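Below you'll find the structure, written out as structure tokens, and then a few comments.
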2 protein chains.
Amino acid sequence: MQSNLHGDERLPIYQRLADALRSDVTEGRLRPGDRVASENELVGKYQMAAGTVRKALDVLVTEGLLERFHGRGTFVRSPSFDASLYRFFRFRAADGNEAIPEGRILRREVELAPSFVARKLGIPEGSPTISMSRLRVSESTPVLAEEIWLPFGRFEKFMDLPIGDVGDLLYPVYDAICGQLVAKADEALTAESSNRETARLLRIEPGTPVMVIDRLAKDFGGVPLEWRRSRGRADQFHYKTEIR
Amino acid sequence: MQSNLHGDERLPIYQRLADALRSDVTEGRLRPGDRVASENELVGKYQMAAGTVRKALDVLVTEGLLERFHGRGTFVRSPSFDASLYRFFRFRAADGNEAIPEGRILRREVELAPSFVARKLGIPEGSPTISMSRLRVSESTPVLAEEIWLPFGRFEKFMDLPIGDVGDLLYPVYDAICGQLVAKADEALTAESSNRETARLLRIEPGTPVMVIDRLAKDFGGVPLEWRRSRGRADQFHYKTEIR
DNA sequence: GAGTGGTCTAGACCACTAT
DNA sequence: TAGTGGTCTAGACCACTCT
């Protein structure tokens, strides 16, 4: 079989192949966990040298879209980072292991989008959204207070799911119930003095510093799926980075 | 000329070449800004295929150690990140441009290392250090209050330099006066309520949240050169990141 | 024009994983 | 044992930079 690559012919062949494979993922023809065609198959399908195919795959591995396993094949990476996203905070159980904190939904209702939420989600002001308050609890200690907004159109079915059936992780539920797959997210960090409401939820003194994490979660195509603002005790916050 | 690669013979050739070139940088035979031998030269020197040389160079480019310019050559990257390190804060001049804030040294003296500093710098407790307080000022507004420690042994000559001759950036001075080149750094972020001293320096109310940034700066070989703790107004702090 | 890195080919052989 | 990715070779041609 002979397939041709689309796109700008001035681009290197490996880039165009990478673009084609990336589209297969962003447009749903390949889903996380799926195996990508082997090097040999791609060589046959697109009629190019094996080295060129490898280079295209290398690009996508570097991007984090694919991962390769010697002897097994090349796979679409599963973005299952809900548990890892709050890596900024100490979520350790007493035994020292990383734990997924419990997620308790305190409130869930359909609400017209406030302007700042609409702007983030890229929907018209006043569109319906699902608005939630959620508390994340680790070892029976509250660690994060969250406010979450979802565009109603894509998440309508989520309202039919009893709150008690929602587990500790939301993203797998978005995928299973609404077919909305969170693939990446932008986060912005800042700190502030806790107000009375936040202090009550986190069981701290009002005025104690809290870290604020705004997150815009998107699908593979970059379409905003969820906006949330999370607050946690600053004295439990620890973010490390290396700089060169 | 024929040179042989050292290191574990079970490792891939491209890895061993990358290791050799990395050592050339960390051990000072190649300095930031220097041109690395061209692909052809490396092929001749180490007797290997051009593709293998390219792969070794790719590794180091990905690491951020080298950068390549089509038609010009491959160069050791200059880590001149002092200005970019405080990228977390709004350091913008009124005209919207990024500005390097002024750096005022308020205090500089030789001091025996407190235990937590000694531990960070990897020197014996009670060793002599140079201890400094420094205020970074942008548009005549104080933005960061810093406490800095240097191991005395490597930075002895720095004490001979009049404080007035130290400019707004310290790392170029460390290099020029003491031959100590900062190549990378680990940072850890947290937030706290400002104490009276910090509040006075930053001209804020005591108790207002401040971000705290601990930084351990190292040379190319990973030897700790400087430890500093910086505090800035949380309401000016903004850190953004993307997650996949 | 000489030298550099960037792309691409067409093979060979090896190491790992599945069955 | 068949199929996969990982390493390595030896070339070709192209695009860019410098002088």
Side-chain angles (χ1 to χ4, degrees), chain A residues 1-22 24-25 30 33-77, chain B residues 1-22 24-25 30 33-77:
Chain A
M1 202 229 303
Q2 158 101 35
S3 293
N4 286 320
L5 289 171
H6 310 102
D8 194 332
E9 306 215 346
R10 294 167 304 182
L11 290 174
I13 298 175
Y14 76 89
Q15 270 298 351
R16 294 165 62 201
L17 174 56
D19 291 345
L21 293 171
R22 200 183 297 106
D24 285 344
V25 176
L30 281 172
D34 286 355
R35 224 203 77 191
V36 178
S38 75
E39 295 182 4
N40 274 333
E41 288 165 345
L42 290 171
V43 164
K45 183 174 179 189
Y46 292 103
Q47 297 293 308
M48 60 182 74
T52 306
V53 169
R54 286 190 67 78
K55 183 140 188 179
L57 294 172
D58 283 346
V59 167
L60 298 173
V61 168
T62 303
E63 279 179 19
L65 192 68
L66 305 181
E67 49 187 345
R68 322 189 72 183
F69 299 95
H70 196 169
R72 281 207 290 138
T74 303
F75 299 81
V76 180
R77 255 187 58 180
Chain B
M1 203 227 303
Q2 159 101 37
S3 291
N4 287 320
L5 289 170
H6 310 101
D8 193 333
E9 305 215 346
R10 295 166 304 182
L11 290 173
I13 298 176
Y14 76 87
Q15 269 298 352
R16 294 166 63 203
L17 174 55
D19 290 346
L21 291 171
R22 199 183 297 103
D24 284 344
V25 175
L30 281 172
D34 286 356
R35 226 203 75 191
V36 178
S38 74
E39 295 182 3
N40 274 332
E41 289 166 344
L42 291 171
V43 164
K45 184 173 176 186
Y46 292 102
Q47 297 293 310
M48 60 182 73
T52 306
V53 169
R54 286 190 67 79
K55 183 139 188 180
L57 294 172
D58 283 347
V59 167
L60 299 173
V61 168
T62 303
E63 278 178 20
L65 192 67
L66 304 181
E67 51 188 344
R68 323 190 71 184
F69 299 96
H70 196 168
R72 282 208 288 138
T74 303
F75 298 81
V76 180
R77 256 187 57 180

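Since the model is a prediction, treat every value here as computed from it, not as a measurement. Naming convention: chains lettered A, B, ... in sequence-line order (proteins, then strands); numbering from 1 in each chain.
Judged by distance alone, with hydrogens and angles left aside, the side-chain atoms of B:Q47 form a donor-acceptor pair with the main-chain N or O of B:G44 at under 3.5 Å. At distances below 3.5 Å, not a single donor-acceptor pair connects side-chain atoms of A:Q15 with backbone N or O atoms of A:P12.
Counting heavy atoms from C-beta on, the side chains of A:L21 and A:V25 never come closer than 4.5 Å. Proximity of B:Y46 to B:V53: side-chain heavy atoms (C-beta onward) are nowhere separated by under 4.5 Å.
For B:T74, a side-chain nitrogen or oxygen approaches OP1 or OP2 of C:dG5 to under 4.0 Å. An OP1 or OP2 oxygen of C:dC8 is reached within less than 4.0 angstrom by no side-chain nitrogen or oxygen of A:Y14. Taking 4.0 angstrom as the limit, B:S38 places none of its side-chain polar atoms (N or O) nearer than this to OP1 or OP2 of C:dG3.
By the 5.5 angstrom centroid cut-off and the 30-degree plane limit, A:H70 is classified as stacked against the base of C:dA15.
Each of A:R72 and A:P12 has a nearest nucleotide on DNA chain C; the 5'-most of these lies closest to A:P12.
To the nearest angstrom, C1' of C:dA15 lies 15 Å from CG of B:L11. In this structure, A:R68 atom CZ and D:dG3 atom P are separated by 18 Å, rounded to whole Å. Distance CZ (A:F69) to P (C:dC16): 16 Å, rounded to an integer number of Å. We find that CD of A:E67 is positioned 13 Å from P of D:dG5, with the value rounded to whole Å. Rounded to a whole Å, the CD atom of B:Q47 is 15 Å from the C1' atom of D:dC8. Between A:L17 atom CG and C:dC8 atom P the separation is 10 Å, expressed in whole Å. Rounded to whole Å, the distance from CG on A:N40 to C1' on D:dG6 is 13 Å. If you measure from atom CD of A:E39 to atom P of C:dG11, you get 16 Å, rounded to the nearest angstrom.
Heavy-atom distances under 4.0 Å link DNA chain D to B:A49, B:T52, B:K55 of residues 49-59 of chain B, given in residue order.
Between A:L5 and A:I13, the closest heavy-atom pair is CD1-O, 4.1 Å.
For B:E39 and B:R68, the salt-bridge test passes: some basic side-chain N is under 4.0 Å from an acidic carboxylate O.
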So B:D19 and B:R16, salt bridge (Lys or Arg N to Asp or Glu O under 4.0 Å) or not? Walk me through it.
-> CA-CA 5 Å; B:D19 290 346; B:R16 294 166 63 203; over 6 Å; no
